[in-house]
Peer 1: 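Here you go, one structure.
These figures come from a predicted structure and were not determined experimentally. Residues take their numbers from the sequence shown, with the count starting at 1.
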Amino acid sequence: MKVFLPVNIRIDDKKILFVGGGSIAMHKMQTVEQYARNITILAPRIDDKLKAKGFCEIRKEYEKTDLEGFFLVYACTNDLEVNRRIKKDAEELRVLVNVADNSELSDFISPAVFKLDEMTVAISSNGQNAKKSVEWRNRIKAMLQES
């Protein structure tokens, strides 16, 4: 089992790449877009909901050179082999990678987040139980919104 250190990383001046243009990328992006606008989406086809966000788009199949210049990459395809290739390429290029729904392949994981003004609550199960993390986040969110 991997162990993840909970940290906050400054990303306002860092380039972030999402490989995948469908619902997996949309789900992952919901948290990231609260903190950064320097996002690029790379996919042959990009869902209309993602297009509407106004991020930079690159419409093509993934290649290793696509990772150059990025700080973080989210592998959000529904093809495990492509996600594994992204992980391998990112490792070689020293780019941090999150492989959606696969903490074993990921360098970092995204916690369940609640953001209110300048405060953020992040709940993580070390990649073991996302459903429980979301449940805890929702309980904390409800408690904070009541006060």
Peer 1: Report the distance from atom CD1 of Ile86 to atom CD of Glu63, rounding to the nearest 0.5 Å.
Peer 2: 12.0 Å
Peer 1: Whether Lys15 engages the ring of Phe71 as a cation-pi pair (distance to the six-membered ring centre under 6.0 angstrom, angle to the ring normal within 45°) should be assessed.
Peer 2: no
Peer 1: What's the separation between atom CZ in Arg84 and atom OG1 in Thr77, rounded to the nearest 0.5 Å?
Peer 2: 11.5 Å
Peer 1: Nearest heavy-atom pair of Ile109 and Pro111: which atoms, and what distance?
Peer 2: O-CD, 3.6 Å
Peer 1: Closer than 4.0 angstrom, basic N to acidic O: yes or no for Glu57 and Lys51?
Peer 2: no
Peer 1: Tell me the closest heavy-atom pair linking Ala130 and Ser125, and the distance in Å.
Peer 2: N-OG, 3.9 Å
Peer 1: How far does CZ of Arg37 sit from CG of Asp12, to the nearest 0.5 angstrom?
Peer 2: 13.5 Å
Peer 1: Could you tell me whether Lys88 and Glu92 have a side-chain N and a carboxylate O separated by less than 4.0 Å?
Peer 2: yes
Peer 1: With hydrophobic residues grouped by side-chain heavy-atom distances under 4.5 Å, do Ile46 and Phe55 end up in a single group?
Peer 2: yes
Peer 1: Would you find a donor on one side and an acceptor on the other, under 3.5 Å apart, between the side chain of Asp79 and the backbone of Glu81?
Peer 2: yes
Peer 1: Between Gln145 and Phe114, does the side chain to side chain contact (heavy atoms under 4.5 Å, CB included) criterion hold? Intermediate values first, please.
Peer 2: CA-CA 11 Å; Gln145 287 178 326; Phe114 170 61; 4.0 Å; yes
Peer 1: Yes or no on side chain to side chain contact (heavy atoms under 4.5 Å, CB included) for Glu91 and Val97, after CA distance, side-chain angles and deciding distance?
Peer 2: CA-CA 8 Å; Glu91 205 167 68; Val97 66; over 6 Å; no
Peer 1: Considering residues, nucleotides and ligands other than Asp101, do more than 12 of their heavy atoms fall under 6.0 Å from its CG?
Peer 2: no
Peer 1: Please report the shortest heavy-atom distance between Leu93 and Glu68, naming the atom on each side.
Peer 2: CD1-CG, 4.5 Å
Peer 1: Do the side-chain N and O atoms of Tyr35 and Thr120 include a donor-acceptor pair separated by under 3.5 angstrom?
Peer 2: yes
Peer 1: Shared ILVMFWY cluster between Ile16 and Met29, side chains joined below 4.5 angstrom?
Peer 2: yes
Peer 1: Does atom CG (Asn8) have a neighbourhood of more than 12 heavy atoms from anything else shown, all under 6.0 Å?
Peer 2: no
Peer 1: If you look at every heavy atom in Arg59 and Pro44, which pair is closest and at what distance?
Peer 2: CB-O, 4.1 Å
Peer 1: Just wondering, are more than 12 heavy atoms of other shown residues or ligands nearer than 6.0 Å to NZ in Lys132?
Peer 2: no
Peer 1: State plainly whether one hydrophobic cluster holds both Ile58 and Phe18, where clusters connect Ile, Leu, Val, Met, Phe, Trp and Tyr through side-chain heavy atoms under 4.5 angstrom apart.
Peer 2: no
Peer 1: Flag the pair Tyr74 / Phe108 as yes when their ring centroid distance falls below 6.0 Å, and as no otherwise.
Peer 2: yes
Peer 1: Is atom NZ of Lys131 surrounded by more than 12 heavy atoms (other residues, nucleotides or ligands) closer than 6.0 Å?
Peer 2: no
Peer 1: Should Leu144 and Leu116 be marked as a side chain to side chain contact (heavy atoms under 4.5 Å, CB included) after you check the CA-CA gap, both sets of side-chain angles, and the distance that decides it?
Peer 2: CA-CA 9 Å; Leu144 291 172; Leu116 182 62; 5.6 Å; no
Peer 1: Between CD of Gln34 and CD of Gln30, what distance do you get to the nearest 0.5 Å?
Peer 2: 9.0 Å
Peer 1: Apply side chain to side chain contact (heavy atoms under 4.5 Å, CB included) to residues Asp107 and Phe4 and explain how you reach the verdict.
Peer 2: CA-CA 8 Å; Asp107 294 322; Phe4 296 93; over 6 Å; no
Peer 1: Side-chain heavy atoms under 4.5 angstrom apart, residues restricted to Ile, Leu, Val, Met, Phe, Trp, Tyr: same cluster for Ile9 and Ile39?
Peer 2: yes
Peer 1: Do Phe70 and Tyr62 share a hydrophobic cluster, counting only Ile, Leu, Val, Met, Phe, Trp and Tyr and linking them when any side-chain heavy atoms are less than 4.5 Å apart?
Peer 2: yes
Peer 1: To the closest 0.5 Å, what do you measure between SG (Cys76) and CG (Leu42)?
Peer 2: 11.5 Å
Peer 1: For Ser124 and Ser133, which heavy atoms make the closest approach, and how far apart are they?
Peer 2: C-OG, 3.6 Å
Peer 1: Taking all atoms of both residues into account, what is the closest heavy-atom pair of Leu105 and Lys87, and its distance?
Peer 2: O-CD, 2.9 Å
Peer 1: With side chain to side chain contact (heavy atoms under 4.5 Å, CB included) as the test, pick out the partner of Ile41 among Leu17, Val19, Leu50.
Peer 2: Leu50
Peer 1: Could you state the interatomic distance from CG (Asn98) to CG (Leu72), rounded to the nearest 0.5 Å?
Peer 2: 9.0 Å
Peer 1: For the backbone of Met119 and the side chain of Asp117, can you confirm whether one donor and one acceptor N or O come within less than 3.5 Å of each other?
Peer 2: no
